[in-house]
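The structure under discussion appears below in the form of structure tokens.
Basis for what follows: all heavy atoms, side chains included, without hydrogens, waters or symmetry-related copies. FYI, the numbering just counts along the sequence from 1.
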Amino acid sequence: MPRTWLTERFELQVPLVGAPMAGVSDGRLAGAVSAAGALGMFGVPPSVPVSWIEEQAAIAAASGRPYGIGLLAWGLSDEHLKAVLRVRPALVSVSFGDYAPYVEPLRAAGITVAVQAGTTEEAVQAERTGVDAVVARGGEGGGHGRDDVATLPLLQTVLDAVRVPVLAAGGIATARGLAAVLAAGAEGGWAGTAFLGCTETTLPPEGLRRVLDAGETGTAYGRVFDVAQGLPWPPEYGGRALRNAFYDRWRDREDELARDEQARAGLEAARQGRDFDTAYVYAGQAVGTVTRERDAADVVAGFAAADELLSRFAAP
Ligand SMILES: Cc1cc2nc3c(=O)[nH]c(=O)nc-3n(C[C@H](O)[C@H](O)[C@H](O)COP(=O)(O)O)c2cc1C
């Protein structure tokens with residue numbers, strides 16, 4: 001594989017980050033991705049106790065390889081920040097909200113800090129804040145972020161606009177996607193959806209089935225699920241999830257949904273009862289490439305074939 005800032009910084013075999021996915025990637029998936037030669041991350045939901053962060057960090061660290069933790073700036077508490085500083089992962093991403101106060105304390109602890117940016121302006125702002133790397137994240141990506149620009153146009157302008165290393169996220173799910181962004185000048189890919197079919201996620205089997213059955217047009221972007229849960233996501237960061245009956249029913253009626261206690265309670269009941277006609281599975285457009293259950297090592301090995309694609313252009 002080509003050596004890049006990402007592979008050198010974390011001694012990786014594959015220039016790839018397994019993206020943090022709150023509620024889906026915990027220490028087990030992160031550790032499995034790292035053990036396979038990429039950099040695995042787990043995502044921290046704002047609602048978890050501090051002990052959860054410590055437990056998952058210990059599981060991820062058991063791989064003996066560097067791993068990362070993804071934080072949501074809008075929901076980050078002092079206790080969570082302190083726990084992350086204590087367990088000291090190699091990489092922290094802190095995105096979506098006012099992340100600036102956290103950059104210096106994390107860097108001072110020797111942690112590499114990245115921010116996910118959904119516009120070129122956000123990427124430039126992140127660089128000014130002193131982050132080590134920017135993740136150019138296009139709107140086709142799974143989970144939360146902006147839906148303003150797609151990965152390829154965003155990556156091109158961000159690469160020209162900042163000097164810090166740039167990782168590319170949104171729709172990168174196979175060796176082909178990874179080869180494309182490396183050829184463009186990214187230091188690596190940042191992939192979430194590609195790992196949704198993994199045996200190591202916390203998705204229940206019913207959710208996994210929806211992932212495997214969904215095609216590239218099977219996702220939708222919006223705030224329906226956040227509003228239904230009363231989560232204080234900044235409104236510019238909606239989420240991309242598998243489109244389902246609950247989404248179709250409430251799309252463009254979010255104000256009404258916010259007042260509908262019954263609908264909100266129904267979502268929570270569906271989540272517990274694993275009824276994914278109502279409950280959400282966050283996923284990006286690349287879900288169409290996820291067609292069978294595999295372990296994380298197999299997914300990382302698949303990405304490593306980017307090397308062959310790139311070698312087509314090597315000098316003879
Ligand atoms: C199920 C799921 C949960 C996510 N949770 C988080 C999160 O907790 N923190 C975060 O920074 N990004 C989160 N993301 C976004 C990813 O970090 C990344 O931007 C995205 O997965 C990239 O696009 P892709 O899904 O097409 O690979 C999540 C994505 C998914 C699919």
Side-chain angles (χ1 to χ4, degrees), residues 6 9-12 16-117 126 129-135 137 141-145 165 167 169 188-192 195-196 198 200-202 233 237 282 296 300:
L6 184 69
R9 183 90 165 202
F10 303 109
E11 298 179 9
L12 309 181
L16 180 76
V17 173
M21 297 189 282
V24 172
S25 70
D26 62 10
R28 185 165 167 236
L29 179 63
V33 171
S34 289
L39 189 105
M41 299 185 76
F42 67 86
V44 179
S47 55
V48 295
V50 162
S51 58
W52 184 89
I53 297 177
E54 292 166 342
E55 283 157 23
Q56 299 310 319
I59 293 168
S63 72
R65 306 286 310 151
Y67 71 93
I69 299 181
L71 303 171
L72 303 173
W74 61 262
L76 183 54
S77 65
D78 275 359
E79 289 69 34
H80 278 189
L81 180 68
K82 280 186 196 145
V84 170
L85 291 169
R86 262 198 313 279
V87 299
R88 207 130 57 89
L91 172 68
V92 163
S93 70
V94 53
S95 315
F96 313 132
D98 184 15
Y99 57 81
Y102 309 119
V103 173
E104 205 33 55
L106 288 162
R107 293 195 73 234
I111 297 168
T112 299
V113 179
V115 166
Q116 300 200 55
T129 313
V131 302
D132 297 287
V134 166
V135 183
R137 181 195 184 281
H144 288 80
L167 305 174
W190 177 285
F195 291 96
L196 285 179
C198 288
E200 296 94 340
T201 76
T202 59
W233 273 94
Y237 304 120
Y282 284 103
V300 173

Kindly indicate whether the side chain of [X], heavy atoms from C-beta on, has any atom under 4.5 Å from the side chain of [Y].
| X | Y | result |
| --- | --- | --- |
| Gln116 | Val134 | no |
| Phe10 | Leu91 | yes |
| Trp74 | Ser95 | no |

Item to check | Candidate pair Leu29 and Phe195, rule side chain to side chain contact (heavy atoms under 4.5 Å, CB included), full reasoning | outcome: CA-CA 9 Å; Leu29 179 63; Phe195 291 96; 4.2 Å; yes
Got a list of side-chain donor-acceptor pairs under 3.5 Å for residues 106-113, not counting sequence neighbours?
unit_1: Arg107; atom_1: NE; unit_2: Asp132; atom_2: OD1; d: 3.1
unit_1: Arg107; atom_1: NE; unit_2: Asp132; atom_2: OD2; d: 3.1
unit_1: Arg107; atom_1: NH2; unit_2: Asp132; atom_2: OD1; d: 3.0
unit_1: Thr112; atom_1: OG1; unit_2: Arg9; atom_2: NE; d: 3.0
unit_1: Thr112; atom_1: OG1; unit_2: Arg9; atom_2: NH2; d: 3.1

Checklist entry - Just how far is it from atom CG of Leu71 to atom OH of Tyr102, taken to the nearest 0.5 Å? => result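 Between Leu71 CG and Tyr102 OH, I get 9.0 Å after rounding to 0.5 Å.
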Checklist entry - Is the backbone of Val115 close enough, under 3.5 Å, to the side chain of Ser93 for a donor and an acceptor to pair up by distance? => result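 Not at all, since once roles are kept as given, no pair shorter than 3.5 Å links the two residues.
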Checklist entry - Do Ser63 side-chain atoms and Ala60 backbone N/O form a donor-acceptor pair below 3.5 Å? => result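 Such a contact is found between Ser63 side chain and Ala60 backbone.
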Residues two or more places apart in sequence or in another chain: which of them pass salt bridge (Lys or Arg N to Asp or Glu O under 4.0 Å) with [X]?
| X | value |
| --- | --- |
| Glu54 | Arg86 |
| Arg65 | none |
| Asp26 | none |

Next on the checklist: Can you tell me if Glu11 has over 12 outside heavy atoms packed within less than 6.0 Å of its CD?
Outcome noted: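 Not more than 12 within 6.0 Å, no.
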Can you list everything that forms a side chain to side chain contact (heavy atoms under 4.5 Å, CB included) with [X]? Sequence neighbours excluded, please.
| X | value |
| --- | --- |
| Glu79 | Val50, Ser77 |
| Ala62 | none |
| Ala22 | Pro45 |
| Ala32 | Glu200, Ala296 |

Checklist entry - Under the side chain to side chain contact (heavy atoms under 4.5 Å, CB included) criterion, do Ile69 and Val44 qualify, and how do the steps go? => result CA-CA 7 Å; Ile69 299 181; Val44 179; 3.5 Å; yes
Checklist entry - What closest approach, in Å, do Leu16 and Ala38 show between heavy atoms, and which atom pair accounts for it? => result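 Closest approach of Leu16 to Ala38: O-CB, 3.2 Å.
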Next on the checklist: If you compare all heavy atoms of Arg137 against all heavy atoms of Gly142, which two are closest, and at what distance to 0.1 Å?
Outcome noted: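 Looking at all heavy atoms of both residues, the shortest contact is NH2-O, 2.6 Å.
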Considering the options [options], which one meets the side-chain contact (heavy atoms from CB on, under 4.5 Å) requirement together with [X]?
| X | options | value |
| --- | --- | --- |
| Val84 | Ile53, Val94, Leu76 | Ile53 |
| Leu39 | Leu6, Val33, Leu12 | Leu12 |
| His80 | Val48, Leu85, Leu72 | Val48 |

Next on the checklist: I'd like to check the ring pair (Phe, Tyr, Trp, His ring centres under 6.0 Å) partners of Tyr282; sequence neighbours left out, ordered by chain and number.
Outcome noted: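 Once residues adjacent in sequence are excluded, the partners of Tyr282 under the ring pair (Phe, Tyr, Trp, His ring centres under 6.0 Å) criterion are His144, Tyr280.
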Next on the checklist: Just to verify, what does Tyr237 make a ring pair (Phe, Tyr, Trp, His ring centres under 6.0 Å) with, not counting sequence neighbours?
Outcome noted: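 Once residues adjacent in sequence are excluded, the partners of Tyr237 under the ring pair (Phe, Tyr, Trp, His ring centres under 6.0 Å) criterion are Phe96.
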Item to check | Qualifying ring pair (Phe, Tyr, Trp, His ring centres under 6.0 Å) pairs, either residue in residues 46-68, two or more places apart | outcome: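 Every ring pair (Phe, Tyr, Trp, His ring centres under 6.0 Å) pair that includes a residue of residues 46-68, provided the two are not neighbours, is Phe42-Trp52.
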Item to check | Listed once per pair and sorted, the salt bridge (Lys or Arg N to Asp or Glu O under 4.0 Å) pairs that draw on residues 29-44, sequence neighbours left out | outcome: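 Counting only pairs at least two positions apart or across chains, no salt bridge (Lys or Arg N to Asp or Glu O under 4.0 Å) contact touches residues 29-44.
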